[in-house]
Amino acid sequence: MSNKDFTDAVLVVLGHGTTLNDQSAVPVIQHAAELRRRQIFREVREAFWKQKPQVRQVLAEISAARVFIAPLFISEGYFASEVIPKELGFSYPENLELKTQNSELFYCRPVGSHESMTKVILSRAADIVKRFPFPRAPKPLETTLFIAGHGTERNKNSHVAIERQVELIRAQNIYAAVHAIFMEEAPRIADCYQIAPSRNLVVVPFFISNGLHAVEDIPVLLGEAERSVKQRLTAGQPTWRNPTEKNGKLVWYSPSVGTEPLMADVILERVKEAAGLNL
């Protein structure tokens, strides 16, 4: 059986999961369904760390020659590169293959740190302006692109993936400027108005799901009234109206990168790497 042929393999798309927000599971279900539709693998399963079906349970149910575990995480942070691989018996990043009695398990690197995330971010940024061109769609060279992340002083890896994407996109000279902004470290999300050299801003949240950080916290940090955001959220409306004028700037705010359809291709790239096809 050739490594290029995955018909003997099962793919497990692994998300963090939470019982507190039903949006957390959506990207895992979305991308697993798309990869299932492509009929590349013998089977594609969803699994989570913090909600059902939990990854240990899913792995116990699988009988296949090869099993690829693809973490749908935004960075090589605490859970994706420490907690989960250790609990599953891997040593990250030194040993990401594990042989059991019936299967060979492969733990892929998180999708968010893959360089092809550049296409995902650019697609998100272009799409939101195209869908809401009022009063007209600005050209990218008239626009500053901001990639918004969580950020934390506790784990430097939390912003490494974002900074790398800023470098890659900046080098393409598509936008007037490209910057990273964060919820919990400098430069802060609210700093975008001072940083941007252009009147037009596009903010792309570098998160897997459209959870509370993306749909509630960041709109408030961008200047929307917390009461308005909560009212829109309760009514099932978008919490940011595109574009919104703030501080003399026009701001477009996109859905999270993790819900972009191109993410299925990034997952597949990580699986190919784990199988030794991209080395």
Side-chain angles (χ1 to χ4, degrees), residues 26-27 30-31 34-35 38 70 72-76 109-134 136-151 158-183 187 189 191-193 195-211 213-215 218-219 222 238 240 242-244 249-273 278:
V26 169
Q30 172 190 345
H31 304 312
E34 168 58 21
L35 291 165
R38 297 184 191 184
L72 193 62
F73 283 71
I74 210 65
S75 69
E76 299 191 10
R109 291 177 62 193
V111 295
S113 57
H114 195 278
E115 292 200 350
S116 65
M117 287 295 294
T118 302
K119 292 180 182 178
V120 176
I121 295 167
L122 290 175
S123 177
R124 271 286 177 245
D127 181 67
I128 200 66
V129 173
K130 182 180 179 181
R131 285 198 290 130
F132 300 96
F134 178 85
R136 66 172 181 83
K139 296 176 181 178
L141 284 175
E142 301 171 335
T143 306
T144 302
L145 173 63
F146 287 97
I147 306 174
H150 190 281
S158 70
H159 68 224
V160 167
I162 292 180
E163 297 287 4
R164 178 59 178 152
Q165 289 303 323
V166 167
E167 291 175 7
L168 292 170
I169 296 172
R170 191 179 283 158
Q172 295 186 40
N173 295 315
I174 298 171
Y175 286 92
V178 185
H179 295 281
I181 47 176
F182 301 97
M183 292 176 61
I189 285 168
D191 296 335
C192 66
Y193 300 106
I195 295 171
S198 62
R199 169 168 163 74
N200 304 302
L201 282 62
V202 175
V203 180
V204 177
F206 203 67
F207 291 85
I208 290 296
S209 70
N210 288 319
H213 285 326
V215 301
I218 294 179
L222 284 171
W240 185 269
N242 286 302
T244 291
K249 310 278 189 179
L250 272 181
V251 184
W252 282 262
Y253 180 60
S254 81
S256 294
V257 294
T259 57
E260 162 65 42
L262 288 172
M263 288 292 286
D265 296 325
V266 185
I267 294 170
L268 195 53
E269 287 302 309
R270 282 301 195 206
V271 171
K272 290 178 181 177
E273 285 180 355
N278 293 353

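In this chain, residues are counted from 1 in sequence order.
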Could you check whether any side-chain heavy atom of [X] comes within less than 4.5 Å of a side-chain heavy atom of [Y], counting everything from C-beta outward?
X    : Y    : answer
I74  : V257 : yes
N210 : V26  : no
I208 : M263 : yes
T143 : V129 : no
L222 : C192 : yes
M183 : I189 : yes
F146 : I195 : yes

[atom2] on [Y] to [atom1] on [X], rounded to 0.5 Å:
X    : Y    : atom1 : atom2 : value
D265 : H114 : CG    : NE2   : 10.5 Å
S75  : M117 : OG    : CE    : 10.5 Å
I181 : H159 : CD1   : NE2   : 14.5 Å
I162 : F182 : CD1   : CZ    : 4.5 Å
R109 : E269 : CZ    : CD    : 13.0 Å
F206 : I218 : CZ    : CD1   : 12.0 Å

I'd like to know if the side chain of [X] reaches the main chain of [Y], judged simply by a donor and an acceptor atom lying under 3.5 Å from each other, with no hydrogens or angles considered.
X    : Y    : value
K249 : A196 : yes
Q30  : T259 : yes
H31  : G258 : yes
S123 : K119 : no
Y253 : V215 : no

Checklist entry - Could you go step by step and tell me if S256 and R124 meet the side chain to side chain donor-acceptor pair (under 3.5 Å) rule? => result CA-CA 8 Å; S256 294; R124 271 286 177 245; over 6 Å; no

Looking at [X] and [Y], what are the two nearest heavy atoms and their distance?
X    : Y    : value
P205 : S254 : CD-O, 3.2 Å
W240 : N242 : CD1-OD1, 3.3 Å
S198 : A176 : CB-CB, 4.5 Å
S113 : A161 : CA-CB, 4.2 Å

Item to check | Among L122, L141, T144, side chain to side chain contact (heavy atoms under 4.5 Å, CB included) partner for Y175 | outcome: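 For Y175, the side chain to side chain contact (heavy atoms under 4.5 Å, CB included) test succeeds with only one of L122, L141, T144, which is L122.
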
Next on the checklist: Walk me through whether R38 and L268 qualify under side chain to side chain contact (heavy atoms under 4.5 Å, CB included).
Outcome noted: CA-CA 11 Å; R38 297 184 191 184; L268 195 53; 4.1 Å; yes

Checklist entry - Can you say whether the rings of H150 and F207 are parallel (under 30°), tilted (30 to 60°) or perpendicular (over 60°)? => result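 Ring orientation of H150 relative to F207: perpendicular.
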
Next on the checklist: What verdict does the salt bridge (charged side-chain N to carboxylate O under 4.0 Å, His left out) test give for E273 and R270, after you've listed the backbone C-alpha separation in whole Å, the side-chain angles of each residue and the deciding distance to 0.1 Å?
Outcome noted: CA-CA 5 Å; E273 285 180 355; R270 282 301 195 206; 2.7 Å; yes

Item to check | Full working for side chain to side chain contact (heavy atoms under 4.5 Å, CB included) between I147 and I169 | outcome: CA-CA 10 Å; I147 306 174; I169 296 172; 4.1 Å; yes

Next on the checklist: Under a 4.0 Å threshold between the charged nitrogen and the carboxylate oxygen, would R199 count as salt-bridged to E142?
Outcome noted: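 No, no charged N to carboxylate O under 4.0 Å.
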
Item to check | For T118, the option from R164, Q165, E167 that meets side chain to side chain donor-acceptor pair (under 3.5 Å) | outcome: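 In the set R164, Q165, E167, the residue that makes a side chain to side chain donor-acceptor pair (under 3.5 Å) with T118 is Q165.
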
